Participant: 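Questions regarding the structure given below will be posed in turn.
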There are 2 protein chains.
Amino acid sequence: MPSGGLDEVDRELVRLLAIDGRMPNNALAEATGIAPSTCLTRVRALRERGVIRGFHADVDLGALGQPLQALIAIRIGAHSRDEIDRFRAKVPGLPGVLSLFHVSGANDYLLHVAASTPDALREFVLDHLTADPAVAHAETSLIFEHVRGAEPNLTGV
Amino acid sequence: MPSGGLDEVDRELVRLLAIDGRMPNNALAEATGIAPSTCLTRVRALRERGVIRGFHADVDLGALGQPLQALIAIRIGAHSRDEIDRFRAKVPGLPGVLSLFHVSGANDYLLHVAASTPDALREFVLDHLTADPAVAHAETSLIFEHVRGAEPNLTGV
DNA sequence: TTTGAAACTGTTTAGAG
DNA sequence: CTCTAAACAGTTTCAAA
(Lines give C-alpha, C1' and ligand atoms only; values in the text may rest on other atoms or scores of the structure.)
Protein backbone atom coordinates (compact mmCIF):
# COMPACT_ATOMS: atom_id res chain seq x y z
CA MET A 1 0.00 0.00 0.00
CA PRO A 2 2.92 2.37 -0.56
CA SER A 3 2.82 5.44 -2.75
CA GLY A 4 5.53 5.85 -5.34
CA GLY A 5 8.48 7.03 -3.30
CA LEU A 6 6.56 9.26 -0.94
CA ASP A 7 7.44 8.87 2.69
CA GLU A 8 5.24 9.57 5.69
CA VAL A 9 6.24 13.25 5.81
CA ASP A 10 5.58 13.82 2.12
CA ARG A 11 2.13 12.32 2.40
CA GLU A 12 1.36 14.48 5.39
CA LEU A 13 2.53 17.60 3.55
CA VAL A 14 0.31 16.72 0.61
CA ARG A 15 -2.62 16.06 2.88
CA LEU A 16 -2.23 19.35 4.71
CA LEU A 17 -1.83 21.33 1.49
CA ALA A 18 -4.87 19.67 -0.01
CA ILE A 19 -6.87 20.91 2.97
CA ASP A 20 -5.28 24.35 3.11
CA GLY A 21 -3.24 25.28 0.08
CA ARG A 22 -2.09 28.47 1.74
CA MET A 23 -0.74 26.92 4.91
CA PRO A 24 2.55 28.75 5.59
CA ASN A 25 5.79 26.87 5.16
CA ASN A 26 6.54 27.49 8.82
CA ALA A 27 3.36 25.89 9.97
CA LEU A 28 3.79 22.97 7.59
CA ALA A 29 7.27 22.40 8.94
CA GLU A 30 6.11 22.42 12.52
CA ALA A 31 3.13 20.20 11.80
CA THR A 32 5.36 17.59 10.19
CA GLY A 33 8.29 17.93 12.57
CA ILE A 34 10.91 19.10 10.08
CA ALA A 35 12.85 22.32 9.62
CA PRO A 36 11.30 25.08 7.48
CA SER A 37 14.11 24.86 4.97
CA THR A 38 13.65 21.12 4.65
CA CYS A 39 9.95 21.63 4.31
CA LEU A 40 10.49 24.08 1.50
CA THR A 41 12.73 21.62 -0.31
CA ARG A 42 10.21 18.84 0.03
CA VAL A 43 7.23 20.85 -1.12
CA ARG A 44 9.23 22.06 -4.11
CA ALA A 45 10.15 18.48 -4.89
CA LEU A 46 6.51 17.43 -4.65
CA ARG A 47 5.61 20.12 -7.16
CA GLU A 48 8.45 19.22 -9.48
CA ARG A 49 7.56 15.56 -9.38
CA GLY A 50 4.00 16.47 -10.24
CA VAL A 51 2.55 15.06 -7.04
CA ILE A 52 1.20 18.53 -6.38
CA ARG A 53 -0.01 19.95 -9.66
CA GLY A 54 -0.89 23.41 -8.48
CA PHE A 55 -2.83 25.49 -6.00
CA HIS A 56 -6.26 26.90 -6.71
CA ALA A 57 -8.82 29.06 -4.99
CA ASP A 58 -12.10 27.24 -4.60
CA VAL A 59 -14.58 29.77 -5.92
CA ASP A 60 -18.33 30.06 -5.41
CA LEU A 61 -19.47 30.28 -9.01
CA GLY A 62 -22.87 31.57 -7.95
CA ALA A 63 -21.20 34.65 -6.53
CA LEU A 64 -19.59 35.10 -9.91
CA GLY A 65 -22.85 35.10 -11.79
CA GLN A 66 -22.84 31.42 -12.76
CA PRO A 67 -25.39 29.90 -10.38
CA LEU A 68 -26.28 26.98 -12.65
CA GLN A 69 -24.28 23.81 -13.05
CA ALA A 70 -24.92 20.81 -15.21
CA LEU A 71 -23.48 17.45 -16.11
CA ILE A 72 -23.82 16.60 -19.77
CA ALA A 73 -23.50 13.00 -20.90
CA ILE A 74 -22.10 12.90 -24.42
CA ARG A 75 -22.08 10.06 -26.89
CA ILE A 76 -19.64 10.33 -29.75
CA GLY A 77 -20.98 9.30 -33.14
CA ALA A 78 -18.36 6.75 -34.17
CA HIS A 79 -16.23 9.02 -36.31
CA SER A 80 -12.59 9.32 -37.16
CA ARG A 81 -9.97 9.51 -34.50
CA ASP A 82 -9.10 12.96 -35.76
CA GLU A 83 -12.60 14.20 -35.16
CA ILE A 84 -12.65 12.79 -31.66
CA ASP A 85 -9.30 14.39 -30.92
CA ARG A 86 -10.57 17.70 -32.18
CA PHE A 87 -13.58 17.44 -29.91
CA ARG A 88 -11.44 16.50 -26.94
CA ALA A 89 -9.15 19.42 -27.63
CA LYS A 90 -11.80 22.06 -28.07
CA VAL A 91 -14.09 21.29 -25.13
CA PRO A 92 -11.90 22.34 -22.20
CA GLY A 93 -11.64 25.80 -23.72
CA LEU A 94 -15.37 26.38 -24.10
CA PRO A 95 -16.94 29.00 -21.84
CA GLY A 96 -18.15 27.65 -18.52
CA VAL A 97 -16.44 24.28 -18.82
CA LEU A 98 -15.25 23.03 -15.44
CA SER A 99 -14.25 19.46 -16.22
CA LEU A 100 -14.36 16.93 -19.00
CA PHE A 101 -14.38 13.25 -18.09
CA HIS A 102 -13.67 10.60 -20.68
CA VAL A 103 -15.53 7.56 -19.37
CA SER A 104 -16.21 3.94 -20.12
CA GLY A 105 -19.75 2.71 -20.69
CA ALA A 106 -22.68 3.86 -22.76
CA ASN A 107 -21.56 7.47 -22.74
CA ASP A 108 -18.16 8.59 -23.95
CA TYR A 109 -17.78 11.89 -22.15
CA LEU A 110 -19.22 13.58 -19.15
CA LEU A 111 -18.98 17.32 -19.18
CA HIS A 112 -19.30 19.48 -16.09
CA VAL A 113 -20.29 23.04 -16.93
CA ALA A 114 -21.40 26.21 -15.20
CA ALA A 115 -23.84 28.70 -16.70
CA SER A 116 -25.51 31.95 -15.80
CA THR A 117 -29.07 31.09 -16.88
CA PRO A 118 -31.04 28.17 -18.29
CA ASP A 119 -30.94 29.92 -21.65
CA ALA A 120 -27.18 30.24 -21.56
CA LEU A 121 -26.94 26.54 -20.78
CA ARG A 122 -29.26 25.63 -23.62
CA GLU A 123 -27.23 27.77 -26.00
CA PHE A 124 -24.04 26.17 -24.83
CA VAL A 125 -25.38 22.72 -25.58
CA LEU A 126 -26.82 23.68 -28.95
CA ASP A 127 -23.88 25.72 -30.15
CA HIS A 128 -20.98 23.66 -28.92
CA LEU A 129 -22.25 20.12 -28.49
CA THR A 130 -25.30 19.34 -30.61
CA ALA A 131 -23.78 21.28 -33.47
CA ASP A 132 -20.51 19.39 -33.29
CA PRO A 133 -20.23 16.65 -35.94
CA ALA A 134 -18.43 14.38 -33.50
CA VAL A 135 -21.36 14.42 -31.08
CA ALA A 136 -24.11 11.86 -31.57
CA HIS A 137 -26.09 12.67 -28.47
CA ALA A 138 -25.94 15.01 -25.50
CA GLU A 139 -28.08 14.61 -22.41
CA THR A 140 -28.07 17.39 -19.86
CA SER A 141 -28.65 16.87 -16.15
CA LEU A 142 -28.94 19.84 -13.86
CA ILE A 143 -26.86 19.70 -10.71
CA PHE A 144 -29.01 20.41 -7.67
CA GLU A 145 -26.18 20.05 -5.24
CA HIS A 146 -22.48 19.40 -5.37
CA VAL A 147 -20.70 18.17 -2.23
CA ARG A 148 -17.00 17.57 -1.99
CA GLY A 149 -15.55 14.51 -0.35
CA ALA A 150 -14.79 15.06 3.31
CA GLU A 151 -11.60 13.08 3.69
CA PRO A 152 -8.15 14.20 2.57
CA ASN A 153 -9.89 16.31 -0.03
CA LEU A 154 -7.35 15.26 -2.56
CA THR A 155 -8.63 16.86 -5.65
CA GLY A 156 -10.01 20.01 -7.05
CA VAL A 157 -13.48 19.45 -8.55
CA MET B 1 -24.60 40.36 -16.38
CA PRO B 2 -23.20 41.64 -13.11
CA SER B 3 -22.02 39.47 -10.25
CA GLY B 4 -23.44 40.14 -6.84
CA GLY B 5 -21.54 43.20 -5.72
CA LEU B 6 -18.18 42.22 -7.17
CA ASP B 7 -16.40 44.94 -9.07
CA GLU B 8 -13.86 44.53 -11.84
CA VAL B 9 -10.95 44.29 -9.42
CA ASP B 10 -12.64 41.66 -7.26
CA ARG B 11 -13.36 39.51 -10.25
CA GLU B 12 -9.79 39.79 -11.41
CA LEU B 13 -8.51 38.83 -7.97
CA VAL B 14 -10.77 35.80 -7.95
CA ARG B 15 -9.69 34.84 -11.44
CA LEU B 16 -6.01 35.10 -10.60
CA LEU B 17 -6.37 33.15 -7.37
CA ALA B 18 -8.33 30.44 -9.13
CA ILE B 19 -5.40 30.02 -11.51
CA ASP B 20 -2.71 30.32 -8.85
CA GLY B 21 -3.95 30.10 -5.30
CA ARG B 22 -0.51 30.92 -3.96
CA MET B 23 0.01 34.10 -5.91
CA PRO B 24 1.60 36.52 -3.42
CA ASN B 25 -0.43 39.46 -2.22
CA ASN B 26 2.18 41.78 -3.69
CA ALA B 27 1.88 40.32 -7.13
CA LEU B 28 -1.91 40.30 -6.91
CA ALA B 29 -1.88 43.96 -5.96
CA GLU B 30 0.38 44.89 -8.83
CA ALA B 31 -1.55 42.82 -11.33
CA THR B 32 -4.78 44.53 -10.37
CA GLY B 33 -3.35 48.01 -9.92
CA ILE B 34 -4.12 48.47 -6.23
CA ALA B 35 -1.99 48.78 -3.10
CA PRO B 36 -0.95 45.59 -1.27
CA SER B 37 -2.89 46.59 1.82
CA THR B 38 -6.00 47.22 -0.22
CA CYS B 39 -5.49 43.93 -1.95
CA LEU B 40 -5.25 42.15 1.36
CA THR B 41 -8.48 43.75 2.54
CA ARG B 42 -10.27 42.75 -0.63
CA VAL B 43 -9.10 39.17 -0.63
CA ARG B 44 -10.08 38.85 3.00
CA ALA B 45 -13.51 40.25 2.18
CA LEU B 46 -13.87 37.78 -0.68
CA ARG B 47 -13.17 34.95 1.72
CA GLU B 48 -15.50 36.28 4.36
CA ARG B 49 -18.31 36.70 1.88
CA GLY B 50 -17.77 33.14 0.72
CA VAL B 51 -16.85 34.10 -2.82
CA ILE B 52 -13.56 32.31 -2.22
CA ARG B 53 -14.30 29.20 -0.20
CA GLY B 54 -10.76 28.07 0.36
CA PHE B 55 -7.44 27.18 -1.21
CA HIS B 56 -6.44 23.66 -2.08
CA ALA B 57 -3.47 21.86 -3.54
CA ASP B 58 -4.39 19.99 -6.69
CA VAL B 59 -2.95 16.56 -6.05
CA ASP B 60 -2.08 13.76 -8.46
CA LEU B 61 -3.98 10.89 -6.85
CA GLY B 62 -2.01 8.37 -8.86
CA ALA B 63 1.15 9.49 -7.12
CA LEU B 64 -0.66 8.84 -3.86
CA GLY B 65 -1.54 5.29 -4.71
CA GLN B 66 -5.03 5.92 -6.06
CA PRO B 67 -4.56 5.64 -9.82
CA LEU B 68 -8.15 4.65 -10.55
CA GLN B 69 -11.08 7.00 -10.78
CA ALA B 70 -14.72 6.28 -11.49
CA LEU B 71 -18.05 7.99 -11.85
CA ILE B 72 -20.90 6.04 -10.34
CA ALA B 73 -24.47 6.79 -11.39
CA ILE B 74 -26.80 6.08 -8.50
CA ARG B 75 -30.55 5.65 -8.52
CA ILE B 76 -32.30 5.99 -5.22
CA GLY B 77 -35.04 3.45 -4.56
CA ALA B 78 -37.92 5.79 -3.74
CA HIS B 79 -37.65 5.62 0.02
CA SER B 80 -38.29 7.97 2.89
CA ARG B 81 -36.79 11.38 2.99
CA ASP B 82 -34.91 10.34 6.09
CA GLU B 83 -33.24 7.50 4.30
CA ILE B 84 -32.20 9.74 1.44
CA ASP B 85 -30.83 12.30 3.86
CA ARG B 86 -28.87 9.61 5.62
CA PHE B 87 -27.39 8.50 2.32
CA ARG B 88 -26.55 12.06 1.36
CA ALA B 89 -24.88 12.61 4.70
CA LYS B 90 -22.80 9.45 4.75
CA VAL B 91 -21.39 9.43 1.22
CA PRO B 92 -19.01 12.40 1.37
CA GLY B 93 -17.22 10.73 4.27
CA LEU B 94 -16.63 7.41 2.54
CA PRO B 95 -13.04 6.55 1.64
CA GLY B 96 -11.97 7.78 -1.79
CA VAL B 97 -14.97 10.01 -2.36
CA LEU B 98 -14.03 13.11 -4.31
CA SER B 99 -17.43 14.59 -5.14
CA LEU B 100 -21.09 13.82 -4.89
CA PHE B 101 -23.46 15.42 -7.40
CA HIS B 102 -27.18 15.42 -6.83
CA VAL B 103 -28.60 15.58 -10.34
CA SER B 104 -31.84 15.77 -12.25
CA GLY B 105 -32.81 13.04 -14.69
CA ALA B 106 -32.87 9.27 -14.63
CA ASN B 107 -30.13 9.06 -12.04
CA ASP B 108 -30.30 10.76 -8.68
CA TYR B 109 -26.65 10.99 -7.76
CA LEU B 110 -23.35 10.94 -9.53
CA LEU B 111 -20.45 9.95 -7.38
CA HIS B 112 -16.84 10.67 -8.27
CA VAL B 113 -14.44 8.34 -6.48
CA ALA B 114 -10.78 7.38 -6.49
CA ALA B 115 -9.48 3.90 -5.76
CA SER B 116 -6.20 2.05 -5.59
CA THR B 117 -7.19 -1.07 -7.55
CA PRO B 118 -10.17 -2.47 -9.44
CA ASP B 119 -10.84 -4.70 -6.47
CA ALA B 120 -10.89 -1.79 -4.08
CA LEU B 121 -13.35 -0.04 -6.37
CA ARG B 122 -15.56 -3.10 -6.56
CA GLU B 123 -15.52 -3.41 -2.79
CA PHE B 124 -16.38 0.22 -2.39
CA VAL B 125 -19.43 -0.16 -4.59
CA LEU B 126 -20.58 -3.38 -2.95
CA ASP B 127 -19.96 -2.33 0.63
CA HIS B 128 -21.14 1.24 0.54
CA LEU B 129 -23.55 1.57 -2.34
CA THR B 130 -25.15 -1.72 -3.35
CA ALA B 131 -25.51 -2.65 0.30
CA ASP B 132 -27.21 0.63 1.17
CA PRO B 133 -31.01 0.29 1.47
CA ALA B 134 -31.49 3.72 -0.10
CA VAL B 135 -29.71 2.66 -3.30
CA ALA B 136 -31.77 1.01 -6.03
CA HIS B 137 -29.06 0.85 -8.63
CA ALA B 138 -25.42 1.82 -9.08
CA GLU B 139 -23.65 1.87 -12.41
CA THR B 140 -19.91 2.39 -12.43
CA SER B 141 -18.03 4.04 -15.27
CA LEU B 142 -14.26 4.14 -15.22
CA ILE B 143 -12.66 7.48 -15.92
CA PHE B 144 -10.05 7.19 -18.65
CA GLU B 145 -9.14 10.82 -18.57
CA HIS B 146 -10.10 13.86 -16.60
CA VAL B 147 -9.36 17.30 -18.03
CA ARG B 148 -10.04 20.53 -16.25
CA GLY B 149 -11.60 23.48 -17.98
CA ALA B 150 -9.01 25.83 -19.39
CA GLU B 151 -10.64 29.17 -18.71
CA PRO B 152 -10.83 30.87 -15.34
CA ASN B 153 -10.56 27.43 -13.82
CA LEU B 154 -13.16 28.39 -11.33
CA THR B 155 -13.68 25.24 -9.42
CA GLY B 156 -11.95 22.45 -7.70
CA VAL B 157 -13.13 19.08 -9.01
C1' DT C 1 19.20 15.15 2.86
C1' DT C 2 19.17 17.63 6.50
C1' DT C 3 19.80 21.77 9.25
C1' DG C 4 20.34 26.63 11.76
C1' DA C 5 20.97 31.14 10.97
C1' DA C 6 21.31 35.15 8.05
C1' DA C 7 19.45 37.83 4.34
C1' DC C 8 15.63 38.81 2.01
C1' DT C 9 10.86 39.25 0.55
C1' DG C 10 6.28 39.56 1.38
C1' DT C 11 2.51 40.45 4.82
C1' DT C 12 0.07 43.09 7.96
C1' DT C 13 -1.05 46.93 10.82
C1' DA C 14 -1.67 51.67 11.75
C1' DG C 15 -2.63 56.25 10.74
C1' DA C 16 -4.17 59.67 7.48
C1' DG C 17 -6.70 61.13 3.28
C1' DC D 1 -12.53 52.41 0.71
C1' DT D 2 -7.98 53.76 -0.28
C1' DC D 3 -3.09 54.60 0.45
C1' DT D 4 1.92 55.10 2.32
C1' DA D 5 5.09 53.68 5.38
C1' DA D 6 6.77 51.21 9.22
C1' DA D 7 6.76 46.93 11.87
C1' DC D 8 6.45 42.24 11.55
C1' DA D 9 6.37 37.57 9.88
C1' DG D 10 7.48 34.16 6.72
C1' DT D 11 10.49 32.56 2.97
C1' DT D 12 14.65 31.37 0.91
C1' DT D 13 19.53 30.83 0.51
C1' DC D 14 23.70 29.01 1.98
C1' DA D 15 27.48 26.82 4.29
C1' DA D 16 28.06 23.01 7.18
C1' DA D 17 27.16 18.43 8.76
Side-chain angles (χ1 to χ4, degrees), chain A residues 1-66 152-156, chain B residues 1-65 152-154 156:
Chain A
M1 198 109 293
S3 300
L6 301 198
D7 67 12
E8 188 79 13
V9 172
D10 284 329
R11 276 194 295 273
E12 182 66 359
L13 290 173
V14 168
R15 197 184 66 83
L16 291 168
L17 286 171
I19 293 167
D20 178 6
R22 283 207 144 181
M23 190 163 170
N25 186 63
N26 275 351
L28 276 175
E30 195 176 4
T32 52
I34 57 179
S37 51
T38 309
C39 187
L40 201 68
T41 310
R42 278 184 180 251
V43 172
R44 261 211 275 267
L46 288 168
R47 298 202 64 172
E48 267 151 28
R49 287 206 262 162
V51 177
I52 294 174
R53 296 202 195 97
F55 296 92
H56 305 284
D58 173 15
V59 174
D60 177 359
L61 292 170
L64 257 127
Q66 308 255 96
N153 194 9
L154 290 172
T155 196
Chain B
M1 201 110 290
S3 299
L6 299 199
D7 68 10
E8 188 79 12
V9 172
D10 284 329
R11 276 194 295 275
E12 182 66 0
L13 290 173
V14 168
R15 197 184 66 83
L16 291 169
L17 287 171
I19 292 166
D20 178 7
R22 282 204 144 182
M23 190 164 171
N25 186 63
N26 275 351
L28 275 175
E30 195 177 2
T32 53
I34 56 179
S37 53
T38 310
C39 186
L40 201 68
T41 310
R42 277 180 180 256
V43 173
R44 262 210 274 266
L46 288 168
R47 297 200 65 171
E48 267 152 27
R49 288 156 82 193
V51 177
I52 294 174
R53 295 201 195 97
F55 296 91
H56 305 284
D58 174 16
V59 175
D60 177 359
L61 292 171
L64 256 128
N153 194 9
L154 290 172

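Hydrogens, waters and symmetry mates are skipped; everything else that's a heavy atom, side chains included, is used. Everything quoted here is computed from the prediction, not taken from an experiment. Labels below follow one simple rule: chain letters A, B, ... track the order of the sequence lines, proteins then strands, and each chain is numbered from 1.
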Participant: Give me each pair satisfying salt bridge (Lys or Arg N to Asp or Glu O under 4.0 Å) with a member in residues 21-41 of chain A, each pair once, sequence neighbours excluded.
Facilitator: none

Participant: Show the numbers, then the answer: is there a side chain to side chain contact (heavy atoms under 4.5 Å, CB included) between B/R49 and B/L6?
Facilitator: CA-CA 11 Å; B/R49 288 156 82 193; B/L6 299 199; 3.5 Å; yes

Participant: Which residues pass the side chain to side chain contact (heavy atoms under 4.5 Å, CB included) test with A/A35, not counting sequence neighbours?
Facilitator: A/S37, A/T38

Participant: Just checking B/A35: base, sugar-phosphate only, or nothing, at a heavy-atom cut-off of under 4.0 Å?
Facilitator: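 Result for B/A35 = base.
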
Participant: Could you list the residues that satisfy side chain to side chain contact (heavy atoms under 4.5 Å, CB included) with A/L40, not counting sequence neighbours?
Facilitator: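 For A/L40 the side chain to side chain contact (heavy atoms under 4.5 Å, CB included) partners, ignoring immediate neighbours, are A/N25, A/R44.
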
Participant: Do A/T32 and A/L16 come within less than 4.5 Å of each other through their side chains, counting heavy atoms only?
Facilitator: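 A side-chain contact exists here, since the closest heavy-atom pair is under 4.5 Å.
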
Participant: Which atom pair, heavy atoms only, marks the closest approach of B/F55 to B/G21?
Facilitator: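 So the minimum-distance heavy-atom pair works out to CD2-O, 3.5 Å.
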
Participant: Can you give me the first and the last nucleotide of DNA chain D (5' to 3') that has an atom within less than 4.0 angstrom of a non-hydrogen atom in chain B?
Facilitator: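 The contact span of chain B on DNA chain D goes from D/dT2 to D/dT4.
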
Participant: Can you tell whether the side chains of A/D7 and A/R42 come within less than 4.0 Å, N to carboxylate O?
Facilitator: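 A salt bridge links A/D7 with A/R42.
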
Participant: With sequence neighbours left out, what residues match A/A27 under side chain to side chain contact (heavy atoms under 4.5 Å, CB included)?
Facilitator: A/M23, A/P24

Participant: With the sugar-phosphate defined as primed atoms, P, OP1 and OP2, and the base as all remaining atoms, what B/S/- string results for nucleotides 10-17 of chain C, 5' to 3', for protein heavy atoms under 4.0 Å?
Facilitator: SBBB----

